Amino acid sequence: MEYKAPRGTRDILPDEMHLWHKVEDIVRLVCERAGYGEIRTPIFEYTELFERGIGQVTDIVEKEMYTFLDKAKRSITLRPEGTASVVRAFLEHKLYARPQPTKFYYIGPMFRYERPQSGRYRQFWQFGVEALGSQDPAMDVEVIGILIEIYRQLGLGGFEVQLNTIGCPECRPRYRDELRSYLGGRAGELCEDCRRRLVRNPLRLLDCKEPGCQRAIDEVPPIFEYLCDECREHFEGVKALLSALGVSFVINPRIVRGLDYYTKTVFEVVHSELGAQDVLGAGGRYDGLAGECGGPPTPGVGFAAGIDRAIQVLSAGAGAGEAGDAESRPGDAGAPGPDVYIAPIGREAKAEALKLAFALRQGAGEETPGAGGLKVETDFMGRSLKAQMKYANKLGARQVVILGDEELHRGVALLRDMSTGDQEEVPITDIVKRLSTFGRAEAATVQEATGCR
RNA sequence: GUGGAUGUAGCUCAAUGGCGGAGCACCGGACUGUGGCUCCGGGGGCUGUGGGUUCGAAUCCCAUCAUCCACCCCA
């Protein structure tokens, strides 16, 4: 094969699309009910937006961005995350002039140039929410609550919510200085990276996994003792409200996050089944970002969650049961088979089959377009009747309409129930009415049984 | 950017320097118009790619690309 999908990218085939739809449907449902509106921003932005927003010294900006010059020689970057774009759109459209808070959600692909591994792609999909305009701890808690509510509705359990605070421009410098003086004296015990971090961004040192650094870090006092009153109060508020909401969480003072814009609350949702890249979703508060982007100072809080990783967990846990025969079936293996397969025999019957297929798909004179329509397939391969029956069976068709020349001339067709094998002769003019009724009743029970869409 | 493992049919894997196979899947047939079970047959391969060693390479060596896993970092 001459062409392959570029490194770190992949095709998501119809076989597994039902899981993606399920995730997207639940994200939309949970977010909409909480008053979050969907926003779609460009997939690329001017590079400066990410440099300013995410921070110059972060790994993402320093080495993971897909950046190129367009034909007008402007520097363009494929978005590595969603928050900067959402804040940009919020400011550009002056949405701060409307009643606050402004609550968004988004679903879409992100791009980072990294070495692929388990749960990490160069194009990956995220859903996320951003709530702008409120500095209330309750806003942080709604955002966290939405994330775990989405997981709950997906039936995805076994994760852990980890919470931390990283202060604000008021109090963080005090802690940073404290870290510098504490660890500066022990620089010899630190790894090379951390000696560099000590100068540029001492907080990042806290999540280093080198044993030497760990030992040094263990003796550093946690940030909690250095928080200003406002940050301390906010953190206490978040913890209390999370508990009140019944969300269990653990405090992890090592969470720092890789993006510069975070203030106060930071959190991660980790899952043990994910391997080394164990973060399912993460986020935090970013009260300085809007101001940094040149807009009126506007507090914000949000999260981003990996859809690829959610699906990785979901398909590891559940799908094993029906994967066997589903794999051999064409199309979306998670979707139900056709309600009807139409098997024409001969040229004349073929035209009739196509007409009948479209008629059945439309449904029988419903007011709502598409309502009462059936999932209908027919022959496009010139198969013999026998081969068509085999094919219909593989598709999982529940009824087959057999249209032979002989019957066609008499204005009838054979209607065969594939589960019982019962077969009867029906006037062609009655088929639409007859099958549409059948389809509506059955479709409801199928939906209940599969539990999705 | 660093390290390790792996690349053979659509999929899962054999062939251990000497004619590239199997199972499943796909297509067809077993009463000239009836599925599931069974049986029979068929199509499919530049052995990731490019060099090298050898009389001879899927097999040994080098390079390269890709995948997987880990580091780094992150969702």
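Because only heavy atoms are used, hydrogens play no part in the values below, and waters and symmetry mates are left out as well, while side chains stay in. The sequence lines fix the lettering, A, B, ..., with proteins before strands; numbering per chain opens at 1. Bear in mind that the values here come from a model prediction, so they are computed numbers and not experimental data.
Remark: A/Asp59, A/Glu64 in residues 37-65 of chain A come within less than 4.0 Å of RNA chain B through at least one heavy atom. Of the residues in residues 26-35 of chain A, none has a non-hydrogen atom less than 4.0 angstrom from any atom of RNA chain B.
Partners of A/Arg152 under the side-chain hydrogen bond (donor to acceptor under 3.5 Å, both in side chains) rule, at least two apart in sequence or in another chain, are A/Glu149. In this view, A/Phe358 satisfies the ring-ring contact (aromatic ring centres under 6.0 Å, His included) rule with no residue, not counting sequence neighbours. By the ring-ring contact (aromatic ring centres under 6.0 Å, His included) test, A/Tyr182 is found to be paired with no residue, residues two or more places apart in sequence or in another chain being considered. For A/Ile76, the side chain to side chain contact (heavy atoms under 4.5 Å, CB included) test picks out A/Phe44, A/Tyr46, A/Phe68, A/Asp70, with sequence neighbours left out.
In this structure, the CD atom of A/Gln162 is 14 Å from the P atom of B/C74, given to the nearest Å. A/Gln388 places its CD atom 15 Å from the C1' atom of B/C27, with the value rounded to the nearest Å. Rounded to whole angstrom, the span from the CD1 atom of A/Ile148 across to the C1' atom of B/A75 amounts to 18 Å. Atoms CG (A/Leu206) and C1' (B/C74) sit 17 Å apart, rounded to a whole Å. Atom CZ of A/Phe159 and atom C1' of B/A75 are 15 Å apart (whole Å).
The aromatic rings of A/Phe235 and A/Phe224 sit parallel to each other, their planes meeting at less than 30°, with 60° as the upper class boundary.
Among the duplex regions that RNA chain B forms, those built from at least three successive Watson-Crick or G-U pairs under 3.5 Å are B:1-7 with B:65-71, B:10-13 with B:21-24, B:26-30 with B:38-42, B:48-52 with B:60-64, ordered by first number.
With A/Tyr105 as the aromatic partner, A/Arg28 does not meet the cation-pi criteria of under 6.0 angstrom to the ring centre and within 45 degrees of the ring axis.
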Expected rows: protein N/O vs nucleotides 65-71 of chain B N/O, under 3.5 Å:
residue: B/U67; atom: OP1; partner: A/Gly8; partner atom: N; Å: 3.1
residue: B/U67; atom: OP2; partner: A/Arg7; partner atom: NE; Å: 2.7
residue: B/C69; atom: OP1; partner: A/Ser118; partner atom: OG; Å: 3.1
residue: B/C69; atom: OP2; partner: A/Ser118; partner atom: N; Å: 2.5
residue: B/A70; atom: OP1; partner: A/Ala276; partner atom: N; Å: 3.2
residue: B/A70; atom: OP2; partner: A/Gln117; partner atom: NE2; Å: 3.3

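Each of A/Arg434, A/Gln423, A/Glu425 was compared with A/Leu415 under the side chain to side chain contact (heavy atoms under 4.5 Å, CB included) criterion, and only A/Arg434 meets it.
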Would you mind building the protein contact string for nucleotides 30-37 of chain B? One character per nucleotide, 5' to 3', B for base within reach (heavy atoms under 4.0 Å), S for sugar-phosphate only, - for untouched.
---BBBB-
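Note on A/Ala282: only backbone sugar-phosphate atoms sit closer than 4.0 angstrom, heavy atoms only; bases stay farther off. Nucleic acid contact for A/Arg10: none, since no nucleic acid atom lies under 4.0 Å from a heavy atom of the residue. At the heavy-atom level, A/Ala310 lies nowhere under 4.0 Å from the strands shown.
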May I have the step-by-step check of side chain to side chain contact (heavy atoms under 4.5 Å, CB included) for A/Gln277 and A/Arg120, ending in yes or no?
CA-CA 7 Å; A/Gln277 310 305 317; A/Arg120 181 206 276 169; 3.8 Å; yes
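Pairs of residues two or more places apart, or lying in two chains, that qualify as salt bridge (charged side-chain N to carboxylate O under 4.0 Å, His left out) and include a residue from residues 276-285 of chain A are A/Asp140-A/Arg285, A/Arg285-A/Asp287.
Side-chain contact, A/Thr165 with A/Thr265: no donor N or O sits under 3.5 Å from an acceptor N or O.
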Distance-only donor-acceptor hits, side chain of residues 55-65 of chain A, under 3.5 Å, sequence neighbours excluded:
residue: A/Thr58; atom: OG1; partner: A/Gly55; partner atom: O; Å: 2.8
residue: A/Thr58; atom: OG1; partner: A/Val61; partner atom: N; Å: 3.4
residue: A/Glu62; atom: OE2; partner: A/Arg200; partner atom: NH1; Å: 3.4
residue: A/Glu62; atom: OE2; partner: A/Arg200; partner atom: NH2; Å: 3.1

List, one per line, each side-chain donor-acceptor pair under 3.5 Å for residues 347-356 of chain A, sequence neighbours excluded.
residue: A/Lys350; atom: NZ; partner: A/Asp379; partner atom: OD2; Å: 3.2

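Taking CG from A/Leu385 and CD1 from A/Ile345, the interatomic distance works out to 4.5 Å, rounded to the nearest 0.5 Å. Here the straight-line distance linking atom CD of A/Glu45 with atom CZ of A/Arg79 works out to 8.5 Å at 0.5 Å rounding.
When the P atom is compared between B/A57 and B/G20, the two are found 11 Å apart, to the nearest whole Å. For B/A14 and B/U47, the C1' atoms lie 13 Å apart once the distance is rounded to whole Å. If you take atom C1' in B/U6 and the same atom in B/U49, they sit 16 Å apart, rounded to whole Å. Nucleotides B/U67 and B/C62, compared at atom P, are 22 Å apart to the nearest Å. Straight-line distance between the P atoms of B/C60 and B/U2: roughly 26 Å, to the nearest whole Å.
Proximity of A/Arg112 to the phosphate of B/A75: a side-chain N or O atom is located under 4.0 Å from OP1 or OP2.
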